Colleague: 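Sharing a structure below in structure tokens format, with a few things to ask.
Note that the structure is a prediction, hence the values are computed from the model and not measured. Numbers for residues simply follow the sequence, beginning at 1.
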Amino acid sequence: MNSSSSTVILSEKEQEHLLEKLQVFKIKGRDKRGRKVVRVIGKIFPARLVSCEVLKKYLEEKIFSKLKESPFSVVYLHTGVQRSENFPGISALRSIYDAIPINVKDHLATVYFVHPSLQARLFLATFGRLFFSGGFYGKLKYVNRLEFLWDHVRRNEIEIPEFAYDHDDEMECRPLMDYGLESDYPRVYCAPSVDSAISVYSMRCIA
């Protein structure tokens with residue numbers, strides 16, 4: 001069993017390999033307007049194992065360099081994100097945002113924030129405009145359920161983890177979760193260990 005107090009120190013290469021293996025960030029599919037989609041899975045982001053500098057380098061080499069000069073959208077899955085496990089911290093987020101090349105920022109069309117928690121909504125409503133540019137804040141769209149995401153993104157072109165669908169199922173029984181009034185899930189999903197493969201997170205195939 002993993003100890004929450006233990007600290008694992010990985011080399012830069014190991015951190016890069018971990019990000020690649022987990023596929024936290026992936027260019028996959030297109031939205032309804034034909035723009036590329038960058039899918040981000042917050043729950044499996046190893047915030048306690050990957051440094052801000054390594055993350056910025058990884059994004060520059062593996063993601064930003066492939067977007068070229070064309071518009072794109074981001075689908076960020078906030079499902080199951082816990083501050084102590086998957087959240088890199090406010091200062092790190094600001095640092096990462098500032099490191100994004102200006103041409104990439106200019107071509108960002110929309111950020112679909114899927115399954116936002118009440119805490120995330122409050123933070124962005126209070127501090128979002130201070131930490132991020134007004135242009136970015138205006139591109140943010142909250143998506144309470146996956147069914148609403150398909151109004152904007154081509155459903156058969158993007159892989160969504162099974163636990164995100166499970167969260168939607170939970171909201172059918174607990175409607176207050178739609179408004180962020182319930183943030184604790186009755187089920188406890190297992191977080192990935194360093195040695196686990198991405199296959200732990202089964203993807204629901206949709207024809």
Side-chain angles (χ1 to χ4, degrees), residues 2 8-31 35-68 70-89 92-93 95-97 99-101 104 107-116 120 143 146 149-150 152-168 185 189-207:
N2 294 333
V8 179
I9 300 177
L10 302 179
S11 68
E12 183 175 320
K13 288 292 185 182
E14 288 173 327
Q15 293 177 52
E16 293 173 357
H17 176 69
L18 180 60
L19 288 171
E20 188 70 24
K21 181 174 70 172
L22 294 177
Q23 294 191 320
V24 181
F25 306 90
K26 186 176 183 179
I27 299 175
K28 181 69 175 179
R30 294 182 181 270
D31 63 16
R35 298 175 296 219
K36 289 182 179 179
V37 170
V38 178
R39 185 206 61 192
V40 183
I41 305 178
K43 179 183 169 79
I44 61 175
F45 176 63
R48 294 164 58 187
L49 300 174
V50 176
S51 73
C52 185
E53 292 306 313
V54 169
L55 177 58
K56 287 192 287 187
K57 178 183 176 184
Y58 177 85
L59 291 174
E60 176 63 34
E61 295 179 353
K62 302 294 186 178
I63 303 297
F64 300 152
S65 63
K66 297 178 181 178
L67 293 174
K68 307 298 183 183
S70 57
F72 69 98
S73 296
V74 171
V75 170
Y76 167 64
L77 294 163
H78 192 65
T79 323
V81 170
Q82 299 294 324
R83 187 184 184 97
S84 61
E85 297 292 333
N86 333 94
F87 186 63
L93 285 178
S95 176
I96 293 166
Y97 178 74
I100 299 175
V104 175
H107 286 92
L108 173 60
T110 308
V111 176
Y112 298 104
F113 196 119
V114 182
H115 296 152
V143 181
L146 290 171
L149 180 64
W150 310 136
H152 309 283
V153 176
R154 297 176 185 178
R155 182 173 182 173
N156 63 335
E157 293 187 10
I158 185 171
E159 295 171 317
I160 300 295
E162 193 71 24
F163 61 76
Y165 288 100
D166 290 342
H167 183 68
D168 266 19
Y185 310 138
Y189 301 106
C190 297
S193 66
V194 176
D195 296 326
S196 66
I198 188 61
S199 59
V200 170
Y201 298 96
S202 61
M203 299 293 182
R204 181 172 296 188
C205 297
I206 301 175

Colleague: I would like to know whether K57 and E16 meet salt bridge (charged side-chain N to carboxylate O under 4.0 Å, His left out); could you show each step before the answer?
Modeller: CA-CA 9 Å; K57 178 183 176 184; E16 293 173 357; 3.3 Å; yes
Colleague: Quick one: CG on L18 to CG on L49, what's the gap to the nearest 0.5 Å?
Modeller: 6.0 Å
Colleague: Show the numbers, then the answer: is there a side-chain contact (heavy atoms from CB on, under 4.5 Å) between V74 and L108?
Modeller: CA-CA 8 Å; V74 171; L108 173 60; 3.8 Å; yes
Colleague: Between V38 and I63, is there a side-chain heavy-atom distance shorter than 4.5 Å?
Modeller: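 Yes, their side chains come closer than 4.5 Å.
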Colleague: With rounding to the nearest 0.5 Å, note down the distance linking OG in S65 to CG in L59.
Modeller: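 Answer rounded to 0.5 Å: 10.0 Å.
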Colleague: So D31 and H152, side-chain contact (heavy atoms from CB on, under 4.5 Å) or not? Walk me through it.
Modeller: CA-CA 6 Å; D31 63 16; H152 309 283; 5.6 Å; no
Colleague: When you measure from the side chain of R39 to the backbone N and O of Q23, does any donor-acceptor pair fall under 3.5 Å?
Modeller: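 Indeed, once roles are kept as given, a pair shorter than 3.5 Å links the two residues.
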Colleague: Kindly assign one of parallel, tilted or perpendicular to the pair H167 and H115, based on the angle between their ring planes and the thresholds 30° and 60°.
Modeller: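 Aromatic pair H167/H115 classed perpendicular.
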Colleague: Please name all residues satisfying ring pair (Phe, Tyr, Trp, His ring centres under 6.0 Å) with F113, sequence neighbours left out, ordered by chain then number.
Modeller: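 Testing F113 for ring pair (Phe, Tyr, Trp, His ring centres under 6.0 Å), a comparison that skips the adjacent residues, returns Y76, H78, Y142.
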Colleague: Quick one: CZ on R30 to OG on S73, what's the gap to the nearest 0.5 Å?
Modeller: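 Going from CZ on R30 over to OG on S73, the span is 11.0 Å.
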Colleague: According to salt bridge (charged side-chain N to carboxylate O under 4.0 Å, His left out), who are the partners of E61, at least two apart in sequence or on a separate chain?
Modeller: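 E61 satisfies salt bridge (charged side-chain N to carboxylate O under 4.0 Å, His left out) with no other residue.
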Colleague: Less than 4.5 Å apart, side chain to side chain, heavy atoms only: is that true for K43 and T79?
Modeller: no
Colleague: Just by modelled atom types, is the V54 backbone N or O under 3.5 Å from a matching donor or acceptor in the Q15 side chain?
Modeller: no
Colleague: From Y112 OH over to L146 CG, what is the distance, rounded to the nearest 0.5 angstrom?
Modeller: 14.0 Å
Colleague: Using the side-chain contact (heavy atoms from CB on, under 4.5 Å) rule, take D168 and D166 through it: C-alpha gap first, then chi angles, then the decisive distance, then the call.
Modeller: CA-CA 5 Å; D168 266 19; D166 290 342; over 6 Å; no
Colleague: Taking only residues two or more places apart in sequence or in another chain, which ones pass ring pair (Phe, Tyr, Trp, His ring centres under 6.0 Å) with H17?
Modeller: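 With sequence neighbours excluded, H17 shows a ring pair (Phe, Tyr, Trp, His ring centres under 6.0 Å) to no residue whatsoever.
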Colleague: Would you call F163 and L77 a side-chain contact if the rule is heavy atoms closer than 4.5 Å?
Modeller: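 The answer is no, as the side chains (C-beta and beyond) never meet within the 4.5 Å cut-off.
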Colleague: Evaluate the side-chain proximity of F45 to V81: yes if any heavy-atom separation is below 4.5 Å, no if none is.
Modeller: no
Colleague: For a side-chain contact (heavy atoms from CB on, under 4.5 Å) with F72, tell me which candidate from V104, V37, T110 qualifies.
Modeller: V104
Colleague: Please determine whether a side-chain nitrogen of the Lys or Arg among K56 and E53 lies less than 4.0 Å from a carboxylate oxygen of the Asp or Glu.
Modeller: yes
Colleague: Identify the heavy atoms of V24 and I44 that sit nearest to each other, and give their distance.
Modeller: CG2-O, 3.7 Å
Colleague: To the nearest 0.5 Å, tell me how far I100 CD1 sits from F64 CZ.
Modeller: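 Going from CD1 on I100 over to CZ on F64, the span is 4.5 Å.
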Colleague: Check E159 with K26, please: is the shortest side-chain N to carboxylate O separation under 4.0 Å?
Modeller: yes
Colleague: For Y58 and E20, run side-chain contact (heavy atoms from CB on, under 4.5 Å): C-alpha distance rounded to whole Å, both residues' side-chain angles, the deciding distance at 0.1 Å, then the answer.
Modeller: CA-CA 9 Å; Y58 177 85; E20 188 70 24; 3.0 Å; yes
Colleague: If you define the side chain from C-beta out and look only at heavy atoms, does anything of P46 sit under 4.5 Å from L19?
Modeller: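 In contact.
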Colleague: With rounding to the nearest 0.5 angstrom, report the CD1 to CD1 distance, I41 to I160.
Modeller: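 Going from the CD1 atom of I41 to the CD1 atom of I160 covers 7.5 Å.
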Colleague: Using side-chain heavy atoms (C-beta onward) and a distance below 4.5 Å, is E60 in contact with P101?
Modeller: yes
